[in-house]
Amino acid sequence: MPKISIKGQNMPQSPIRKLVPFAEQAKKNGTKVYHLNIGQPDIKTPQVALDAVKNTNLEVLAYARSEGSETYRTKLVDYYAKNDINVNADNIVVTTGGSEALLFTFGSIMDVGDEVIIPEPFYANYNGFSTSSGVKVVPITSRIEDNFALPSISEFEKLITPKTRAILICNPGNPTGYLYSKEEIKQLAEIVKKHDLFLIADEVYREFTYDGLEHYSILQETGIEQNAIVIDSVSKRYSMCGARIGCIVSKNKEFISTTLKFAQARLSPPTYALIASEAALETPQSYFVDVIEEYDERRKTLITELEKIEGLKVAHPKGAFYCVAELPVKDSDDFAQWLLEEFNHNNETVMVAPASAFYSTKGEGKNQVRIAYVLKKEDLIRSVEILKEALKVYKD
Ligand SMILES: Cc1ncc(COP(=O)(O)O)c(C=O)c1O
């Protein structure tokens, strides 16, 4: 039989995927499963975006420009300006989701064997993008005890080698919900300047901040114009995960022109989705006010309910719509499977994401889970009740 590549063999599976058959079986057995494991918001997509696609009367569904249409990129400039980010259309390459933005970025700045430092726990697919780019992830562990704050600069400096090309952060963080302060961004700016590295910030959750805190983008920081690369996406902002539109933003011209070569090789981002994404920029501010208020209420409800569980520790998220909780169990992979396979409370159970997959260091996060608050309040309350009942009877 022809052989599969080593790279292909090494590609990590989605950490949640191995639990899916158990969730499916539970449902077949008549158990309702509350999905605390996913990042798919239940929020309605802005009508203006859906209508824009319905109202098009294209006769040819043609390729778009590789870097995204001029009109969309120009309107994006206004969007960024409203967020105090000063860029122009030439600083933007539109991609097929934030996922492709990450792939193009890795491809443009790193060769096989190069290293990227990432605070862990991190969005698990960074592992997949690294493997497909032949890049080594060097983790730096942030701790639940510190609410997952940025590890100290001296810890970063210990990890920098001649192969280090970049530091990648997710701000606000998936899975931690951590929002980096301006001071933390300034510290990162100092390191990347000192060691001549790229600073990649995945800011796909930019809008989702709470407690009156404001997001500070690396593109607002002066002096790192040549280092700073922002990864962006419409997926979460407008609850448009299926559109598959994102972008790369950077003032580094050589970097942008390199990503454009990757963009040209894949020809074009999806045309209908570009129409929807351009229209989504007209979304009234009231939409965001309502959505953030809804997530904020869910966040408060979830944390309050979780903290009632004895032996459970939870980091307080300040952004995005996830939190990481430490459970009084030895192995959250086993626990998550057991919840689906063996447990139910009044015919209902929950699906959580074991957090070990969000760490690159073996053994870290073993007793942690990621919980997404993408369900309505009543469902979150019920889910935590189920979790509490489960922990009463679960035996390691
Ligand atoms: C932190 C982070 N970055 C990037 C992505 C990729 O998003 P998309 O490719 O849908 O834009 C996700 C999706 O969940 C995410 O959580």
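Predicted model only: the values in this text are computed from it and were never measured. Whatever order the structure lists them in is the order used to number ligands and atoms, beginning at 1.
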Please confirm whether [X] comes within less than 3.5 Å of ligand 1 when only nitrogen or oxygen atoms on both sides are compared.
X: Tyr322; value: no
X: Leu102; value: no
X: Tyr205; value: yes

Review point. How far is atom 13 (C) of ligand 1 from its nearest protein heavy atom, and which residue and atom is that?
Key: Tyr123 OH, 3.3 Å
**Study point:** Option with minimal heavy-atom separation from atom 4 (C) of ligand 1, where the choices are Asn125, Asp202, Thr95
**Key:** Asp202
Review point. Of the choices Cys241, Ser99, Ala101, Gly242, which has the non-hydrogen atom that lies closest to atom 7 (O) of ligand 1?
Key: Ser99
Check your understanding: Within less than 4.0 angstrom of ligand 1, does Glu100 place any heavy atom?
Key -> no
Review point. Applying a strict 4.0 Å limit to heavy atoms, is Cys170 in contact with ligand 1?
Key: yes
Identify, by atom number and element, the atoms of ligand 1 in contact range of [X], meaning under 4.0 Å from any of its heavy atoms.
X: Ser235; answer: 8 (P), 10 (O), 11 (O)
X: Gly97; answer: 9 (O), 11 (O)
X: Ser233; answer: 8 (P), 11 (O)
X: Lys236; answer: 13 (C), 14 (O)
X: Val204; answer: 2 (C), 3 (N)

Review point. Would one find more than 12 heavy atoms of other residues, nucleotides or ligands at under 6.0 Å from atom CG of Leu267?
Key: yes
Exercise for review: Show the numbers, then the answer: is there a salt bridge (Lys or Arg N to Asp or Glu O under 4.0 Å) between Glu389 and Lys392?
Suggested key: CA-CA 5 Å; Glu389 293 303 320; Lys392 282 186 197 162; 3.1 Å; yes
Practice item. Verify whether the ring centers belonging to Phe208 and Phe321 lie closer than 6.0 Å. Key: yes
Pairs under 3.5 angstrom only: tabulate donor-acceptor contacts from the side chains of residues 150-158 to other protein residues two or more places apart or in another chain.
unit_1: Ser152; atom_1: OG; unit_2: Ser154; atom_2: OG; d: 3.1
unit_1: Ser152; atom_1: OG; unit_2: Glu155; atom_2: N; d: 3.4
unit_1: Glu155; atom_1: OE2; unit_2: Lys158; atom_2: NZ; d: 2.9
unit_1: Glu157; atom_1: OE2; unit_2: Lys194; atom_2: NZ; d: 3.1
unit_1: Glu157; atom_1: OE2; unit_2: His195; atom_2: NE2; d: 2.8

Review point. CD1 of Ile140 to OG of Ser360: how many Å apart, nearest 0.5 Å?
Key: 12.5 Å
Taking every non-hydrogen atom, the tightest pair across [X] and [Y]:
X: Ala23; Y: Val33; answer: O-CG2, 4.1 Å
X: Val94; Y: Leu274; answer: CG1-CD2, 3.7 Å
X: Val192; Y: Ile167; answer: CG1-CD1, 4.1 Å

Revision key, fill the gap. Note: Arg244, heavy atoms under 4.0 Å from ligand 1, region reported as side chain
Check your understanding: Is the shortest side-chain N to carboxylate O distance from Lys318 to Asp211 below 4.0 Å?
Key -> yes
